[in-house]
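Numbering of ligands and ligand atoms starts at 1, following listing order. We're numbering straight along the sequence, starting at 1.
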Amino acid sequence: MTMPSVKRVLLKLSGEVLMGGQQFGIDPTIVSELAREVKAAKDSGLEICLVIGGGNIFRGMAGAAQGMDRAQADYMGMLATVMNALAMQNALEQLGVHTRVQSAVQMDQVCEPVIRRRAERHLEKGRIVIFAAGVGSPYFTTDSGAALRAAEMKCDALLKGTSVDGVYDDDPKKNSNATRFETVSYDRVLADNLKVMDASAVALCRDNDIPIVVFSIREKGNLARVLSGEGVQTIVQKEA
Ligand code: UDP
């Protein structure tokens, strides 16, 4: 399956990739490596919107499981995504890449609020826009934030860089016979509850016809390989 031809992409990185080999938090060496990959993608001529999760620091569900109020815990998770966004901004700027962070939870001293037209202008000027704090509401995830920003910024694809190299018909960590899909439809992902992104994010991509490209960001150079059509990935799209 060939990659869709893309000019503007939304790249979603799960928070856990930022912690590298650590159990928690941000590994600045890994963030720099990721920033180099993002810069290479930008230098190839792409316009890039970035969304980074917060799972390396705090997940609302985990807080709720320990007795916290879910919404309160989710706000903490959103703040975690802002920290990750700032770490990535720092790493990208150290490489000379111009960036702006826009947060769905307003934080004037730290970054801009999400303003679509302003984000559009940043992209025109060759800046990378890092969207933080997901959709800005509890009970959502940064996957939904990524799908929402991909839709409003009219991205040609949502690239989900994670720790597995695609979508499998079963959990590859538990079942060695699990097979990876080259392509799979949005409806199959939703009907079979395949682990791609949460259902609201998949549905938003389906309704706006945005292909989701799931690939491993843990392997060096993989983002460039995926973008050039030579990588290993699964593409979630409309039924052929
Ligand atoms: N979160 C939220 N609303 C959003 C985005 C994120 O409440 O729109 C919270 C939620 O608690 C989530 C946490 O932020 O668990 C971190 O985001 P996520 O779990 O998506 O990070 P990832 O798994 O991608 O690292």
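A donor-acceptor contact shorter than 3.5 Å links the side chain of K7 to the backbone of G45. When atom types are taken as modelled, the side chain of S14 and the backbone of E16 share no donor-acceptor pair closer than 3.5 angstrom. Checked by atom type and distance alone, the side chain of R59 never pairs as donor or acceptor with a backbone atom of G54 at under 3.5 Å. The main-chain N or O of I217 is never found under 3.5 Å from a side-chain atom of N222 such that the two would form a donor-acceptor pair. In this structure, the side chain of R218 does not engage the main chain of G161 through any donor-acceptor pair within 3.5 Å. No donor-acceptor pair under 3.5 Å is formed between the side chain of E112 and the backbone N or O of V101. The main-chain N or O of G53 is found under 3.5 Å from a side-chain atom of N84 such that the two form a donor-acceptor pair. Not a single donor-acceptor pair under 3.5 Å links the side chain of D192 to the backbone N or O of L194.
Shown in contact with G15 at under 4.0 Å from a heavy atom are these atoms of ligand 1, numbered in order with element: 22 (P), 24 (O), 25 (O). Within ligand 1, counting atoms from 1 as listed, the ones closer than 4.0 Å to a heavy atom of K12 are 24 (O). Residue G136 approaches ligand 1 through these ligand atoms, each under 4.0 Å from one of its heavy atoms: 8 (O). Close contacts between ligand 1 and F58 involve ligand atoms 13 (C), 16 (C) [criterion: under 4.0 Å to a heavy atom]. The atoms of ligand 1 that sit less than 4.0 Å from any heavy atom of G53 are 21 (O), 22 (P), 24 (O), 25 (O). Residue V135 approaches ligand 1 through these ligand atoms, each under 4.0 Å from one of its heavy atoms: 4 (C), 8 (O). Remark: ligand 1 atoms within the under-4.0 Å shell around heavy atoms of T141 are 4 (C), 5 (C), 6 (C), 8 (O), 20 (O). Under a 4.0 Å criterion applied to the non-hydrogen atoms of G55, ligand 1 contributes the atoms 21 (O), 22 (P), 25 (O).
Summarising the geometry, atom CG belonging to D187 is positioned 11.5 Å from atom NZ belonging to K238; distances are rounded to the nearest 0.5 Å. We find the CD1-CE distance between I26 and M88 to be 9.5 Å, quoted to the nearest 0.5 Å.
With respect to atom 20 (O) of ligand 1, the closest heavy atom belonging to the protein is T142 OG1, 2.5 Å. With hydrogens left out, the protein atom closest to atom 13 (C) of ligand 1 is G77 CA, 3.6 Å, a heavy atom. Closest to atom 21 (O) of ligand 1, if we only count protein heavy atoms, is G54 N, 2.9 Å.
Residue-to-ligand polar distances keep L13 apart from ligand 1: every N/O pair is separated by 3.5 Å or more. Residue R59 places at least one N or O, backbone or side chain, under 3.5 Å from an N or O of ligand 1. Of the N or O atoms in Y75, none lie within a sub-3.5 Å distance of an N or O in ligand 1. For the pair G60 and ligand 1, the shortest N or O to N or O distance falls below 3.5 Å. Remark: ligand 1 and D74 share an N or O pair separated by less than 3.5 Å (distance only, no angle test). Checked by distance only, ligand 1 and P138 stay at 3.5 Å or farther apart across all their nitrogen or oxygen atoms. Considering backbone and side-chain atoms alike, N56 places every N or O at 3.5 Å or more from each N or O of ligand 1. Ligand 1 has an N or O atom lying under 3.5 Å from an N or O atom of F140, backbone or side chain. For the pair S137 and ligand 1, the shortest N or O to N or O distance falls below 3.5 Å.
Salt bridge D171/K195: absent, no basic N to carboxylate O contact under 4.0 Å.
Between the side chains of S200 and D198, at least one donor-acceptor pair of N or O atoms lies under 3.5 Å.
Residue-ligand proximity: M76 is placed with every non-hydrogen atom at 4.0 Å or more from ligand 1. Contact between M61 and ligand 1 is absent, with no heavy atom of the residue lying under 4.0 Å from the ligand.
Among K42, E47, K39, H98, the one residue that satisfies the side-chain contact (heavy atoms from CB on, under 4.5 Å) test with I128 is K42.
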